[in-house]
K.L.:
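One structure is given below, represented as structure tokens, and several questions about it will come after.
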Amino acid sequence: MRRRKWWFWLIAAVLVAFAVKFAARFPWAETGRVLAHASVPLLLLATVVNLVSLVAKAGGWHLLLRRDGVPRWRSSLDATVIGAAVNSVGVAASGDAARMHVVVQRDGAPLGAAVASLVWSRAVEGVGLAVMIIVGAALLPLPA
């Protein structure tokens with residue numbers, strides 16, 4: 001037990017040292033200048049678009065999960081928001097793992113159905129991205 005406590009404090013000290021090093025080197029003054037000159041309406045619009053995209057992602061995922069009889073809309077939305085938050089601080093697909101965990105835990109969704117719905121949602125997102133790139137390239141003037 002003492003050994004585990006020792007490791008915990010060592011890891012915590014290393015993380016604090018990295019945080020202090022990062023905070024000391026971060027360009028706080030430049031960040032403040034940029035924020036002071038930022039367009040508030042554009043920032044609000046970006047915030048609204050970001051939130052709407054999360055609701056749309058939750059809606060699409062809910063439709064895929066509903067095939068298997070689960071979950072509630074609220075659980076899909078909560079899981080998507082939690083997944084986005086985890087993706088902001090986590091690595092790789094940790095947000096998707098968090099989304100899966102939430103619907104399995106809250107609504108008792110079968111793990112296989114949750115995994116399959118995430119795979120399908122990624123496939124649909126990939127197709128949507130490809131369509132958007134093709135349509136964008138066809139409609140927008142591109143440089144030579």
Side-chain angles (χ1 to χ4, degrees), residues 4-5 7-144:
R4 190 181 290 174
K5 201 175 209 181
W7 275 106
F8 171 79
W9 286 111
L10 177 67
I11 292 170
V14 169
L15 290 175
V16 167
F18 278 124
V20 168
K21 181 179 178 182
F22 171 76
R25 299 180 81 198
F26 191 82
W28 295 107
E30 181 66 22
T31 303
R33 279 193 294 276
V34 168
L35 287 174
H37 292 67
S39 167
V40 174
L42 280 179
L43 287 175
L44 290 174
L45 178 64
T47 301
V48 168
V49 168
N50 191 19
L51 293 175
V52 167
S53 74
L54 283 175
V55 171
K57 184 174 188 166
W61 191 47
H62 177 72
L63 291 175
L64 290 169
L65 276 170
R66 206 172 62 176
R67 292 182 318 175
D68 297 311
V70 287
R72 298 166 298 160
W73 159 247
R74 177 65 192 241
S75 294
S76 298
L77 180 61
D78 289 350
T80 302
V81 172
I82 290 168
V86 170
N87 265 347
S88 295
V89 296
V91 295
S94 56
D96 284 339
R99 287 169 66 192
M100 241 184 340
H101 177 74
V102 169
V103 297
V104 168
Q105 184 182 35
R106 284 192 186 172
D107 291 341
L111 183 60
V115 171
S117 68
L118 282 174
V119 169
W120 276 109
S121 72
R122 289 296 183 166
V124 169
E125 288 171 7
V127 169
L129 177 62
V131 168
M132 199 164 102
I133 289 172
I134 292 169
V135 170
L139 297 178
L140 297 173
L142 299 175

K.L.:
According to salt bridge (Lys or Arg N to Asp or Glu O under 4.0 Å), does anything in residues 129-144 pair up with another residue at least two apart or in another chain? List the pairs.
P.N.:
none
K.L.:
Quick one: closest heavy-atom pair of Ile82 and Ala98, and the distance?
P.N.:
CG2-CB, 4.4 Å
K.L.:
Quick one: closest heavy-atom pair of Leu64 and Ser117, and the distance?
P.N.:
CD1-O, 3.5 Å
K.L.:
For residues 48-59, please give each side-chain donor-acceptor pair under 3.5 Å, one per line with the distance, not counting sequence neighbours.
P.N.:
{"from": "Ser53", "atom 1": "OG", "to": "Asn50", "atom 2": "O", "distance (Å)": "2.7"}

K.L.:
Taking side-chain hydrogen bond (donor to acceptor under 3.5 Å, both in side chains) as the test, write out the residues that go with Ser75, two or more places apart.
P.N.:
Arg72, Asp107
K.L.:
So, using side-chain hydrogen bond (donor to acceptor under 3.5 Å, both in side chains) as the criterion, who are the partners of Thr80 when residues are at least two apart?
P.N.:
none
K.L.:
Got a sec, which pairs hit side-chain hydrogen bond (donor to acceptor under 3.5 Å, both in side chains) with one end in residues 124-136, sequence neighbours left out?
P.N.:
none
K.L.:
Strictly by salt bridge (Lys or Arg N to Asp or Glu O under 4.0 Å), give each pair with a member in residues 134-144 just once, sequence neighbours left out.
P.N.:
none
K.L.:
Can you give each donor-acceptor pair under 3.5 Å made by side-chain atoms of residues 37-47, sequence neighbours left out, with the distance rounded to 0.1 Å?
P.N.:
{"from": "His37", "atom 1": "ND1", "to": "Arg33", "atom 2": "O", "distance (Å)": "2.9"}
{"from": "Ser39", "atom 1": "OG", "to": "Leu42", "atom 2": "N", "distance (Å)": "3.3"}
{"from": "Thr47", "atom 1": "OG1", "to": "Leu43", "atom 2": "O", "distance (Å)": "2.9"}

K.L.:
Output every pair passing salt bridge (Lys or Arg N to Asp or Glu O under 4.0 Å) with a member in residues 89-103, not counting sequence neighbours, ordered by first then second residue.
P.N.:
Asp96-Arg99, Asp96-Arg122
K.L.:
Could you list all the salt bridge (Lys or Arg N to Asp or Glu O under 4.0 Å) pairs where at least one residue sits in residues 74-84, not counting sequence neighbours?
P.N.:
Arg74-Asp78, Asp78-Arg106
K.L.:
For Trp120, give me all partners under ring-ring contact (aromatic ring centres under 6.0 Å, His included), at least two apart in sequence or on another chain.
P.N.:
none
K.L.:
For Val135, give me all partners under side-chain contact (heavy atoms from CB on, under 4.5 Å), at least two apart in sequence or on another chain.
P.N.:
Val131, Leu139
K.L.:
State, to 0.1 Å, how close Ala114 and Trp61 come at their nearest heavy-atom pair, and which atoms those are.
P.N.:
O-NE1, 4.5 Å
K.L.:
Side-chain donor-acceptor pairs under 3.5 Å in residues 9-29, sequence neighbours left out?
P.N.:
{"from": "Trp28", "atom 1": "NE1", "to": "Ala23", "atom 2": "O", "distance (Å)": "2.8"}

